[in-house]
Amino acid sequence: MTHINIKSLLCTIVLALAFANGSYAQEENIPKALYTAAGIPDSLKTDANSVVRYKMKNITVDGPGDISVKEHSIVTILNEKGNDEAQEVLGYSKKYNSIGSFEMRIYNAAGEMIKKYRKSDMYDRSAVSSGSIITDERLMVIGHTIATYPSTVEVTYETNYRSSINIDSWDIQDTEQSIQDSYCYLSIKTGSGFRYLNKNTAVKPKASTDNKTDTYLWHVSNLKAIKLESGAKSWRVLPRIYFAANKFEFYGLDGDFSTWQTFGKWIQGLNADVCTLTPQRAEEIKKMTAGIKTDKEKVKFLYEYMQQSMRYVSVQLGIGGMKPFTADFVDQKKYGDCKALSNYMYALLKAVDIPANYAVINAGANAEPAEPGFARNSFNHAILCVPLKGDTTWLECTSNTNAFGKLSPFTENRRALLVTEDGGKLVNTPKSVAEDNQFNSEVQVILSADGGAKAQVKILSTGEYRDDYIGLATLKADEQKEYLIRMLNMKQPSMLDYKPLIDKDGIKEVSLDIEYDKFCDVMAGNKQFYRPRVFDLWGTTLPALDKRTTDYYFNQPMMKNCVTTIILPAGFEVETLPANQSLKFTYGNYDIKYVYDAAKNQVTSTTKFNLTNHVIPAAKYNEMQQYMDNIAKAQNKKLIIRRKA
């Protein structure tokens with residue numbers, strides 16, 4: 001049977017199910033060719049680890065608290081990189097959301113079934129494994145070990161939701177996965193305010209209305225695999241469709257998601273009875289801040305007080321997945337999750353008459369921002385905004401190390417939903433600049449005549465670089481050494497002693513004492529060849545591409561500087577000094593300058609690297625690629641010293 005005939009038959013089956021019956025039923029007469037690897041068109045194998053031969057996702061919305069999702073998929077796995085297709089993870093909660101039927105079948109390349117799994121074979125466990133997180137969400141998990149390729153996996157399952165803020169989305173295609181035929185069918189009561197948003201796709205549904213029910217059917221076919229370019233973000237590339245309705249029900253509590261404003265009002269109502277300290281405790285907070293002159297200084301004091309007093313513990317029990325613990329509970333127990341700690345900080349400021357706004361955001365470096373014109377719950381984190389006069393300040397309340405008033409790539413440069421008295425309002429969080437993420441270092445290297453060296457390194461860091469060194473405190477000494485060598489792209493030392501030193505006003509200071517038995521790269525006669533630095537300021541190179549199609553993302557802009565002084569051994573002098581260089585790129589520059597002081601017999605290099613924008617447009621990729629290649633070449637230039645005659 002040819003691919004054209006299979007497609008024709010599938011369309012007939014699905015359209016009949018969707019529009020004649022108006023509901024999902026288990027498909028029958030699926031062509032046998034879909035279970036055999038030989039039926040895959042060659043065009044769908046390029047860059048693909050797996051091929052979706054057929055998929056039907058059926059979403060039935062009978063009401064805000066009554067949603068069912070049924071899925072039937074047939075996926076051929078081409079190689080070990082596609083093994084995730086033979087694993088299934090389904091979430092549920094004991095009280096509100098449940099898993100109905102489940103079945104997984106495994107077929108060999110010839111389409112013969114070799115294994116069958118049922119719901120009773122699945123492993124049931126908590127949705128989290130970390131001891132710092134408490135939740136009543138659970139997972140049912142199963143996986144099959146693929147022995148030969150290609151193999152085909154068929155999965156059918158049903159999940160039912162009686163608590164959900166969002167309607168499930170249709171994630172059409174994964175990375176390095178091609179699509180032969182895939183469908184999404186959705187039915188919802190007329191007048192529900194149903195909306196959908198296309199992301200990275202222009203596919204449109206066939207829609208109809210019958211008996212006060214609206215139905216939609218989307219279909220895609222012959223989608224070639226998408227291989228993400230280095231530094232690209234999947235949410236900017238992969239096709240998906242988001243769904244939303246005006247009303248929702250979350251753990252028995254009705255809500256309105258017709259606009260961002262109404263959702264904000266729902267959050268405001270949810271938090272209304274948990275955001276006030278007792279009068280006695282509020283009075284204590286006032287006394288603590290009585291001698292502080294300005295509101296900003298009070299905010300800083302209370303923020304640092306919270307950081308020192310509280311610890312992060314995530315608790316997601318029932319409505320607690322959205323509703324914070326009471327401020328009094330956090331004050332007494334000294335812990336909370338992002339919602340609870342942001343709400344607690346809100347209560348501290350409320351006690352001293354400083355207004356603030358609770359805010360929710362989609363956290364993660366370069367995570368997908370909320371869509372201004374499409375209200376749906378796309379958030380996973382809570383922070384706080386303090387609208388001081390002429391100086392709005394954002395606070396990350398889950399971190400006990402964040403500098404006051406500084407976000408990080410985790411939440412910066414994003415749209416947050418600000419919860420105000422008038423409801424929700426999408427606003428932009430601040431975008432850091434290069435000066436916010438600084439790495440400044442001074443290095444002294446004393447060379448020995450036999451090619452060894454001793455080095456002293458002092459580093460001052462802010463922003464993301466500060467976070468790197470604060471994070472080292474959680475590692476053992478050997479792990480710290482390994483991490484530093486890898487992070488700084490250092491030659492393997494014979495000894496490394498790390499000292500964390502001070503952390504003040506958002507600047508972290510550390511020092512390294514390093515010894516090398518062999519620091520010299522090459523010794524030839526009376527000459528010694530060195531890379532004239534202990535570490536590189538920049539260690540990334542990128543592949544050349546004929547045509548880049550997607551933007552390249554760094555986590556943040558940055559500014560890096562290093563002054564290195566190399567003291568030559570007695571009886572040696574410089575024969576060749578590396579050339580000074582100044583390299584420029586639309587979004588940055590790299591400069592290095594060498595000076596030889598013959599009287600002191602030492603070489604001093606000053607190196608500067610700046611990246612002014614963390615998102616590089618695709619059109620500038622080739623310029624950046626060449627720029628980074630040139631930096632690598634500049635950093636590989638040798639300092640040559642020789643014994644004096």
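Ring geometry for Phe263 versus Phe257: interplanar angle under 30°, hence parallel rather than tilted (30 to 60°). Taking the six-membered ring where the residue is Trp, Phe585 and Tyr627 present parallel rings, their angle staying beneath 30° rather than reaching 60°. Ring orientation note: the planes of Phe609 and Trp538 are close to parallel, at an angle under 30° on the 30°/60° scale.
Looking at Tyr587 and Pro617, their side chains come closer than 4.5 Å, going by heavy atoms from C-beta outward. Side-chain contact between Leu270 and Leu253: present, with at least one pair of heavy atoms (C-beta onward) separated by less than 4.5 Å.
Side-chain atoms of Gln556 and Ser432 form no donor-acceptor pair, as typed in the model, at a separation below 3.5 Å. Under the 3.5 Å distance criterion, with hydrogens and angles disregarded, no donor-acceptor pair is assigned to the side chains of Gln180 and Ser178. Asp422 and Thr420 share no donor-acceptor pair across their side chains, judged by distance under 3.5 Å alone.
When atom types are taken as modelled, the side chain of Ser187 and the backbone of Thr60 share no donor-acceptor pair closer than 3.5 angstrom. Within the 3.5 Å criterion, the main-chain N or O of Asp171 finds no donor-acceptor partner in the side chain of Ser169. Within the 3.5 Å criterion, the main-chain N or O of Arg240 finds no donor-acceptor partner in the side chain of Lys199. Under a 3.5 Å cut-off, the side chain of Glu297 and the backbone N or O of Thr294 do form a donor-acceptor pair. Checked by atom type and distance alone, the side chain of Asn362 never pairs as donor or acceptor with a backbone atom of Ala367 at under 3.5 Å. Trp218 contributes no side-chain N or O that, together with a main-chain N or O of Ser182, makes up a donor-acceptor pair within less than 3.5 Å.
Among residues two or more places apart in sequence or in another chain, the ring-ring contact (aromatic ring centres under 6.0 Å, His included) test is passed with Phe439 by Tyr465, Phe535.
Once rounded to the nearest 0.5 Å, the distance linking CG of Leu542 with OG1 of Thr540 reads 7.0 Å.
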